[in-house]
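We use all heavy atoms of the structure for the numbers below, so side chains are in, but hydrogens, waters and symmetry mates are not.
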Amino acid sequence: MVKRWLSRYLARKRLLAQNALVQRYIVIDLELTGLDPKLHEIVSIAWVLIEKQCIKLSQAQHAINKEVLRLEQSPVYHGIAQQDVANGKSLAAILAKLSAHFSDAILVFHNATLDWGFLKQAFQAHNIDVQPLLIIDTFQIEKKRLHQQGHEIGLDDLTLSACRARYELPHYGCHHALTDAMATAELLLAQCHQISRGNELKLAELV
């Protein structure tokens, strides 16, 4: 146990010392029926890949979980109706496809506490063993930057839209997993550009 922990610790330390601008990332977004992983469900999952600062649109994926039991009021936010769910895929199949990228890509979320909390529970429930290389959260990157700049952070200052606006990125309609994954990918690239300012950027500066 100690040997395994030490091995992971050293691997993480080596990874954090690497150049963030040449890494492969998988940017993930979920649509949910609520905010509690113990009570609510994953409605859809989307992801896009970034390789050497390039978003790979041709490899973007969006899948709806056909096993959702109760959509409740969530269609008001994400627009996914019961008919869409019926034509979806099993959550196990979606998770297996998603986790295939975990061995060679760094995970990225906007508010990882929420989305990774749901995903981690789903992986455990389906007996899929995953060991992410690293998790990066654009929400936390922005929070850290605002603190460093001496800004007081308001209630809505760290939403995906508010964060994008500070980098003069275009406004996208929210609450569609693929759109939000794309928006998060663009935000990450903008944050990296601002933090690095033309210099090498270590992954440690993003966590």
Do the side chains of [Y] and [X] get nearer than 4.5 Å, heavy atoms only?
| X | Y | result |
| --- | --- | --- |
| Ile135 | Asp137 | no |
| His147 | Ile153 | yes |
| Asp29 | Ile45 | no |
| Lys120 | Pro37 | no |
| Leu119 | Leu107 | no |
| His40 | Leu32 | no |
| Asp157 | His151 | no |
| Gln53 | Cys192 | no |

Salt bridge present between Arg70 and Glu41 (N-O < 4.0 angstrom): no

Glu200/Lys202 ion pair, N-O < 4.0 Å: yes

Test side-chain contact (heavy atoms from CB on, under 4.5 Å) applied to Asn65 and Val85, step by step: CA-CA 6 Å; Asn65 173 19; Val85 170; over 6 Å; no

Atom [atom1] of [X] with >12 non-hydrogen neighbours under 6.0 angstrom:
| X | atom1 | result |
| --- | --- | --- |
| Glu152 | CD | no |
| Leu39 | CG | yes |
| Arg145 | CZ | yes |
| Gln149 | CD | yes |

Nearest heavy-atom neighbours spanning [X] and [Y]:
| X | Y | answer |
| --- | --- | --- |
| Ala183 | Leu160 | CB-CD2, 3.8 Å |
| Leu98 | Ile26 | CD1-CD1, 3.6 Å |
| Gln59 | Leu49 | OE1-CD1, 3.0 Å |
| His62 | Ala46 | CD2-CB, 3.8 Å |
| Ile128 | Ala92 | CD1-O, 4.2 Å |

Leu30 and Ser44: CA distance, side-chain angles, deciding distance, side-chain contact (heavy atoms from CB on, under 4.5 Å) verdict: CA-CA 6 Å; Leu30 312 182; Ser44 69; over 6 Å; no

side-chain contact (heavy atoms from CB on, under 4.5 Å) evaluation trace for Leu71 with Val43: CA-CA 8 Å; Leu71 282 172; Val43 178; 4.1 Å; yes

Distance (rounded to the nearest 0.5 Å) between Arg164 CZ and Glu142 CD: 12.0 Å

Linked hydrophobic residues, Leu21 as query - side chain contacts closer than 4.5 Å: Leu15, Leu16, Tyr25, Val27, Val48, Ile50, Ile55, Leu57, Ile106, Val108, Leu133, Leu134, Ile136, Ile141, Leu178, Met182, Leu188, Leu189, Ile195, Leu201, Leu203, Leu206, Val207

Shared hydrophobic cluster for Tyr167 and Leu146 (ILVMFWY, side-chain gaps under 4.5 Å): no

Pairs flagged by ring pair (Phe, Tyr, Trp, His ring centres under 6.0 Å) wherever residues 111-144 is involved - sequence neighbours left out: Phe102-Phe123, His110-Phe139

Pairs involving residues 89-101, ordered by first then second residue, that meet side chain to side chain donor-acceptor pair (under 3.5 Å) (sequence neighbours left out): Gln61-Lys97

